[in-house]
Amino acid sequence: MNAEQQALVQRWDGFLAKIKERLDEIIAEATAGCAQIAAQHPLDSLPLNNALTGLDHRIRQLRERIEETWDGQVEEKFSDAGDGGFLDVGLDKKEDFETAFDHHWSNAKAKILCDYAASLYPLAQEASQQQPKCDQCGAPLTPSIIYKSEMIACPACSAQNLYEPPLAIVAYRGTAAHYLADAAMLPKRQAIDWFRIEVDRWRRAREWAPEPLESLEKWRAMELDAWTTYANEKARVLGEPVDQGYIDGRMAHFDKYELHMNQVWVNAHGKG
Amino acid sequence: MDPADALAQQLDSHRRHVLDAAAGKEASSWTEVAAAYGVQSPSPTPEALEAVGKSIVEGATAALKGIEKDADPRRVAFLKGRLEKFAADLPVAHKQSSGSKLGLGGIFANATAHAGWTGGHGKIKRVIKCRNCGAPQQEARVFVCSFCGGPVFATDETTSE
């Protein structure tokens, strides 16, 4: 790299560092603000999700500045400062940064949601100790499964009671389990992102040669590992068997829309 | 649109109007806006915001009485839940919206605007009672009263009367 190229890379790195600084500031404030909202509305995930939707938008606006600056001011300079290989240096830096940016925000969001999930657990525990009683005569009722709605005939007065599980239990099982499982899968999902970037660059260096079969098989194994991690964690949190149908469904989708579009894969494994 | 939802929308616009005035984002000053709700206050203190909130709740409660019979009971329950917390929430929302250096306050303030959807949910048990004699339902999915033999729920004919 010559002096001009080094200066250009330094300026681009400097710009990206400023974006990262801004992202860190937003994440710090978002984490504190979301914790406050979660504390105010411990059983209602809507305000927290509303806030995260708004924050997603703000983060997207920040991310768009990278593309705008690259397109408007930087790409041309990288093109002029060297051959195609040097432009790739700039593009790779941009892609690496954008990927790390996305992962940084995903990790922050996962932490916010996992903290919320953790705060639901004691509430769900407490709710599980409540004794449901007949709405007609007050006699104790015994649900067959504490977290499922059902009609229960009162043993004392025969009135049919519609039992609805306490909200804390519904919220923990419905949302917290997903947040915790998603967070467990996140590092694997991010490893797949980096792996795909690595594969793209390998292909680019070989004039876009087809991806080798071993690489496609590794990709599939990583996907399977990610979804298995999700399902295992969810099963652990809920105390239920692993939902193999869920894993199979996700993998069928992956196979259909990724591998079955790839001639190398189809030639080796067919579409079965 | 359900009348309760229409009222909830009006409540939202009052909330936005008051919070914007408190943040200095309205053409009218805070003092003018507060006065319009019958509150004399030179600045948006928590007490003043709560007083404005109470005034809005008073108006909304009166309006709700007028539309309650035509509205979906679940939407009414939801709105009542919001009204209970509305006045106390205004100072909190103002603090959230004005405390951000990065302009994220508006996001947090808006996020809590529709809190309370869980109002009517999570009740542990419910018993269906006969509309004629008040006896409880004795058998699941059987909607003929086992005491008086009448329909447990109103039929189309009876509701149209």
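Here is the naming used below: chain letters follow the sequence lines, and residue numbers restart at 1 for every chain.
When B:S146, B:P136, B:A109 are compared by the number of non-hydrogen pairs under 4.5 Å with chain A, B:P136 comes out ahead. With chain B as partner, the option from A:S149, A:A171, A:S158, A:A153 having the largest number of non-hydrogen pairs under 4.5 angstrom is A:S158.
Between A:F15 and A:W12, the ring planes lie parallel to each other; the angle is under 30°, not in the 30° to 60° tilted range. Between B:H17 and B:Y37, the two ring planes are tilted [angle within 30° to 60°].
Interface remark: A:C34 contributes backbone and side-chain atoms alike to the contact with chain B (heavy atom separation under 4.5 Å). Contact of A:L48 with chain B is not made at all, since no heavy-atom distance falls under 4.5 Å.
A:D96 and A:W194 share no donor-acceptor pair across their side chains, judged by distance under 3.5 Å alone. The closest side-chain donor-acceptor pair between A:N107 and A:Q190 falls under 3.5 angstrom.
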